[in-house]
Amino acid sequence: VKIAEFLVQNGYVLAPADSSLFVKEQKGKLAIVLVYVDDLIITGDDEKEVHQIKSNLTVRFQMKELGELKHFLGLEVERTKDGIFLSISWCSKRQSTVSLSSTEAEYRALAMAAQECSWLMQLLQDLHQPIDYPVTLHCDNQSAIRLAKNPVFHARTKHVEVHYHFIREKVLQGDIEMKYINTEGQVADIFTKGLSAGKFENFRKQLGMTTRSAIRENNN
């Protein structure tokens, strides 16, 4: 019996958003298992079930518990008295298609962001944490916002691949809310542009990002 089959047999449900995520809900409490090949992360507020599934997996698959999570697939976890901090590697890349205007480029980016938002909303639903309000996407291009809100295809965007109009569907459904943000306040620029030291620090603080040394100092 594979681990996935074993978890299902033990009452866990495979999450539609992620084929490696298994969730078991009992009386409002959760036990969550994330599987990657033969590495597992087990967590949840149902302490009894978490302890039980650990024991069952150890017996059935001769697994060894490695203690609190510190590293997983390039993700580093740091625990402090204030909570848990995550260090995630990231990269930027060129768009796979060529845009004819800045509006079109922003529109494509909005569509991709909307897809990520939809996936996160489904993931939270799978974890029994549904979102009953629209997710806000900020954009510093007014024309791209108008295109996303307008259900009528503009002649100027007829050459844009149909799947990029996914953003319009989500706006009309009320899942996504578009809001304009001035370029000076576009926090996402920290990942894509060379910024002055002052602006970089301002955006970093808004994102709640900090250095590992600061985390350790606060933890002492």
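The structure displayed is predicted, hence computed values, not measured ones.
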Applying salt bridge (charged side-chain N to carboxylate O under 4.0 Å, His left out) to D175 and not counting sequence neighbours gives K170
*Is there a donor-acceptor pair under 3.5 Å between the side chain of N202 and the backbone N or O of G198?*
no
Using a strict 4.0 Å threshold on nitrogen-to-oxygen distance, state whether E68 and R79 make a salt bridge.
yes
The reported gap from CD1 in I32 to CG in L127 (rounded to nearest 0.5 angstrom) is 5.0 Å
Contacts of V8 meeting side chain to side chain contact (heavy atoms under 4.5 Å, CB included) (sequence neighbours excluded), chain-then-number -> F22
Could you list the donor-acceptor pairs under 3.5 angstrom formed by side chains in residues 47-55, with sequence neighbours left out?
residue : atom : partner : partner atom : Å
E49     : OE1  : K24     : NZ           : 3.4
E49     : OE2  : Y12     : OH           : 2.8
Q52     : NE2  : N56     : OD1          : 2.9
K54     : NZ   : E65     : OE2          : 3.1
S55     : OG   : H51     : O            : 3.1

Heavy atoms of N10 and F6 approach each other most closely as ND2-O, 2.7 Å
Contacts satisfying salt bridge (charged side-chain N to carboxylate O under 4.0 Å, His left out) that involve residues 183-203 (not counting sequence neighbours) are E184-K199, D189-K193, E201-R204
Here the gap from L30 atom CG to T43 atom OG1, rounded to the nearest 0.5 Å, amounts to 10.0 Å
(Q) side chain to side chain contact (heavy atoms under 4.5 Å, CB included), that's the test. Do Q186 and I181 meet it? Break it down for me. (A) CA-CA 6 Å; Q186 182 57 284; I181 187 170; 3.7 Å; yes
Next on the checklist: For a 4.5 angstrom cut-off between non-hydrogen side-chain atoms, does M178 reach I167?
Outcome noted: yes
By side chain to side chain contact (heavy atoms under 4.5 Å, CB included), I41 pairs with (sequence neighbours left out) L34, L69, F72
When rounded to the nearest 0.5 Å, the distance separating NE2 of H71 from CG of L66 is 11.5 Å
d(F203 CZ, L207 CG) to nearest 0.5 Å is 9.0 Å
Determine whether V35 and L7 satisfy the following criterion, side chain to side chain contact (heavy atoms under 4.5 Å, CB included), listing intermediate values before the conclusion.
CA-CA 10 Å; V35 181; L7 290 171; 3.9 Å; yes
So NZ of K29 and CD of Q26: to nearest 0.5 Å the spacing works out to 10.5 Å
* Please answer whether the main-chain N or O of K149 pairs with a side-chain N or O of R168 as donor and acceptor at a distance below 3.5 Å. => no
| request: Give a yes or no on this: more than 12 heavy atoms of other residues, nucleotides or ligands lie within 6.0 Å of atom CD of Q62. | output: no
Exercise for review: Before giving the answer on side chain to side chain contact (heavy atoms under 4.5 Å, CB included), spell out for Q173 and E169 the whole-Å C-alpha distance, their side-chain angles and the decisive distance to 0.1 Å.
Suggested key: CA-CA 6 Å; Q173 291 175 351; E169 176 185 334; 3.3 Å; yes
In this structure, CE of M209 is separated from CD1 of I190 (nearest 0.5 Å) by 5.5 Å
Check whether the side chains of Y107 and R146 place a donor and an acceptor atom closer than 3.5 Å, and report yes or no.
no
Sequence neighbours excluded and cut-off under 3.5 Å, please list the side-chain donor-acceptor pairs for residues 13-20, or say none.
residue : atom : partner : partner atom : Å
D18     : OD1  : S20     : N            : 2.9
D18     : OD1  : S20     : OG           : 2.6

- Report yes or no: do Q122 and D126 form a side-chain donor-acceptor pair below 3.5 Å? yes
Residues 129-141 side chain polar contacts: donor-acceptor under 3.5 Å, at least two apart:
residue : atom : partner : partner atom : Å
T136    : OG1  : E177    : OE1          : 3.4
N141    : OD1  : S143    : N            : 3.1
N141    : OD1  : A144    : N            : 2.9

Residues at least two apart in sequence or cross-chain that pass side chain to side chain contact (heavy atoms under 4.5 Å, CB included) with E78, listed by chain then number, are F85, R212, I215, R216
Note: I176 and C117 closest approach over all heavy atoms is CD1-CB, 3.9 Å
With side chains defined as the heavy atoms from C-beta onward, is the minimum distance between Q206 and V187 less than 4.5 Å? yes
